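The structure appears right after this line, and notes come after that.
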There are 2 protein chains.
Amino acid sequence: MKSNKQSQLARDLKSDAFIVKVAERFKMLGEPMRLKLIQSLMSGERTVGELVQSTGAAQANVSRHLNHLTQVGLLGRRKAGLHVYYHIEDESIYGLCELVCGSVRAQAKAELEALN
Amino acid sequence: MKSNKQSQLARDLKSDAFIVKVAERFKMLGEPMRLKLIQSLMSGERTVGELVQSTGAAQANVSRHLNHLTQVGLLGRRKAGLHVYYHIEDESIYGLCELVCGSVRAQAKAELEALN
DNA sequence: TTAATATATGAGTATATAGTTATATAATAT
DNA sequence: ATATTATATAACTATATACTCATATATTAA
């Protein structure tokens with residue numbers, strides 16, 4: 001089963017178009033501002049205005065990032081009157097952030113210990 | 001335990017410096033050429049020359065990307081005579097690629113089904 | 001209708017970085 | 001020492017994109 005997954009992974013990554021898709025996904029998560037937005041959305045759906053407040057960024061910028069994240073399917077949107085509510089649509093976000101956060105934390109800890 | 005992890009994740013992402021580190025990690029995986037290199041390294045360590053061959057990219061470009069990936073701790077290197085062998089150092093790469101590949105595959109499948 | 005509010009978008013600038021070419025560095029062999 | 005080979009790096013160009021400002025597009029209220 002493990003080797004099955006491994007070979008599926010290797011197979012996926014051999015297609016150029018697929019690799020570009022995967023890179024696009026990672027790139028979406030590779031901007032601090034977008035990670036901040038995602039973090040805010042981790043406790044539930046939020047309007048653009050609320051996200052502008054919680055991030056302290058300009059409205060136009062927040063709107064653009066939300067749009068990008070929605071285009072690639074990571075976020076979803078819901079209109080309600082004047083407001084647009086965004087939410088996390090692709091649950092893989094949680095696993096991805098946990099993995100990277102864990103790795104970054106482990107690395108920071110190792111670097112600290114290397115000084116002793 | 002689940003809520004513990006969740007809150008640890010939320011706590012991690014609240015530090016600006018930490019968010020930048022996490023973004024940097026994702027960004028490293030957000031380039032097709034780097035993903036190709038990583039894919040080649042998934043079957044074991046390789047020299048720069050071997051990676052130049054397997055990717056078809058220019059030597060200088062491959063060397064640069066390998067350097068970046070090594071700086072952030074995703075890859076490791078080993079010198080042996082004229083050759084430098086690179087390998088995957090941070091095992092979280094496997095989990096990350098599996099998650100994203102799975103999500104991209106699922107999305108492609110969903111898009112296909114939406115046409116029927 | 002007009003006004004007010006929330007969100008999206010066009011246009012511009014600034015910056016980061018992928019890729020290239022040429023060259024430097026380092027290790028081995030002759 | 002010189003030549004050869006593998007890798008790294010400096011300098012440059014081209015491109016992508018984050019951010020800003022101004023404005024457009026809804027949607028609701030008066």
Side-chain angles (χ1 to χ4, degrees), chain A residues 16-17 19-41 44-87 89, chain B residues 16-17 19-41 44-87 89:
Chain A
D16 252 34
I19 277 208
V20 169
K21 277 268 180 202
V22 171
E24 180 187 60
R25 253 338 210 299
F26 279 124
K27 198 176 293 182
M28 277 297 140
L29 299 175
E31 283 300 317
M33 179 58 59
R34 284 197 283 265
L35 286 179
K36 282 181 198 171
L37 292 169
I38 287 169
Q39 188 249 327
S40 291
L41 292 174
E45 66 174 6
R46 294 282 183 273
T47 67
V48 178
E50 287 168 341
L51 293 168
V52 167
Q53 278 225 325
S54 69
T55 59
Q59 184 270 327
N61 201 24
V62 168
S63 184
R64 261 185 213 308
H65 283 306
L66 291 171
N67 190 41
H68 292 156
L69 289 164
T70 305
Q71 291 300 318
V72 301
L74 288 173
L75 300 186
R77 68 201 303 172
R78 173 176 79 83
K79 286 191 78 167
L82 272 180
H83 299 272
V84 177
Y85 288 85
Y86 282 88
H87 62 268
E89 177 84 37
Chain B
D16 251 34
I19 277 208
V20 169
K21 278 270 181 200
V22 171
E24 180 187 60
R25 251 339 208 301
F26 279 124
K27 201 176 290 183
M28 276 299 141
L29 300 174
E31 282 301 315
M33 179 59 58
R34 285 198 283 266
L35 287 178
K36 280 182 199 170
L37 292 169
I38 287 169
Q39 188 248 328
S40 291
L41 292 173
E45 66 173 8
R46 295 280 185 275
T47 68
V48 178
E50 287 168 340
L51 292 168
V52 167
Q53 280 226 324
S54 69
T55 59
Q59 184 270 326
N61 201 24
V62 168
S63 186
R64 267 195 161 24
H65 283 306
L66 291 171
N67 190 41
H68 291 157
L69 288 165
T70 305
Q71 294 299 318
V72 300
L74 289 172
L75 300 187
R77 64 203 305 171
R78 173 176 77 83
K79 285 193 77 165
L82 272 180
H83 299 271
V84 176
Y85 288 85
Y86 283 88
H87 62 269
E89 178 83 38

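Atoms considered below: every heavy atom in the structure, side chains included; atoms not considered: hydrogens, waters and symmetry mates. For clarity, every value in this text was computed on a predicted model and none was experimentally measured. Labels below follow one simple rule: chain letters A, B, ... track the order of the sequence lines, proteins then strands, and each chain is numbered from 1.
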Check: [Y] and [X] side chains under 4.5 Å, non-hydrogen atoms:
X: Leu37(A); Y: Arg46(A); answer: no
X: Arg77(B); Y: Asn67(B); answer: yes
X: Leu74(A); Y: Leu29(A); answer: yes

Which of the following nucleotides, dT5(C), dA8(C), dA11(C), is nearest to the side chain of Leu82(A)? dT5(C)

Find the distance [X]:[atom1] to [N]:[atom2] and express it as a whole number of Å.
X: Met33(B); N: dG19(C); atom1: CE; atom2: C1'; result: 9 Å
X: Glu31(B); N: dA16(C); atom1: CD; atom2: P; result: 16 Å
X: Lys36(B); N: dA18(C); atom1: NZ; atom2: C1'; result: 13 Å
X: His65(A); N: dT9(C); atom1: NE2; atom2: P; result: 15 Å

Phosphate OP1/OP2 of [N]: any [X] side-chain N/O under 4.0 Å:
X: His83(B); N: dA27(C); result: no
X: Lys79(B); N: dA27(C); result: yes
X: Arg64(A); N: dG10(C); result: no

Closest heavy-atom contact between Val62(B) and Ala57(B)?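 Smallest interatomic distance, heavy atoms only, reads CG2-CB, 3.8 Å.
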
Remember a base hit wins even if backbone is also touched, and classify Tyr86(A) as base, sugar-phosphate or nothing at under 4.0 Å, heavy atoms.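 Sugar-phosphate contact only - Tyr86(A) comes under 4.0 Å of backbone atoms but never of a base.
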
Using a cut-off of strictly less than 4.0 Å between a heavy atom of the residue and any atom of DNA chain D, enumerate the qualifying residues of residues 44-62 of chain A by number. Ala58(A), Ala60(A), Asn61(A)

How far does [atom1] of [X] sit from [atom2] of [Y], to the nearest 0.5 angstrom?
X: Ser63(B); Y: Leu51(B); atom1: OG; atom2: CG; value: 10.5 Å
X: Leu35(B); Y: His65(B); atom1: CG; atom2: NE2; value: 10.5 Å
X: Leu75(A); Y: Met28(A); atom1: CG; atom2: CE; value: 10.5 Å
X: Gln59(A); Y: Arg64(A); atom1: CD; atom2: CZ; value: 10.0 Å

Distance under 4.0 Å to a non-hydrogen atom of chain A counts as contact; along DNA chain D, which nucleotides mark the start and end?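 From 5' to 3', the first and last contacting nucleotides are dA18(D) to dT28(D).
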
Taking the nucleotide of DNA chain D with the nearest heavy atom to each, does Lys27(A) or Gly81(A) sit closer to the 5' end?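 Here Lys27(A) is the residue nearer the 5' end.
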
Would you call the rings of His83(B) and Tyr85(B) parallel, tilted or perpendicular, taking 30° and 60° as the class edges?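 It falls in the tilted class, 30° to 60°.
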
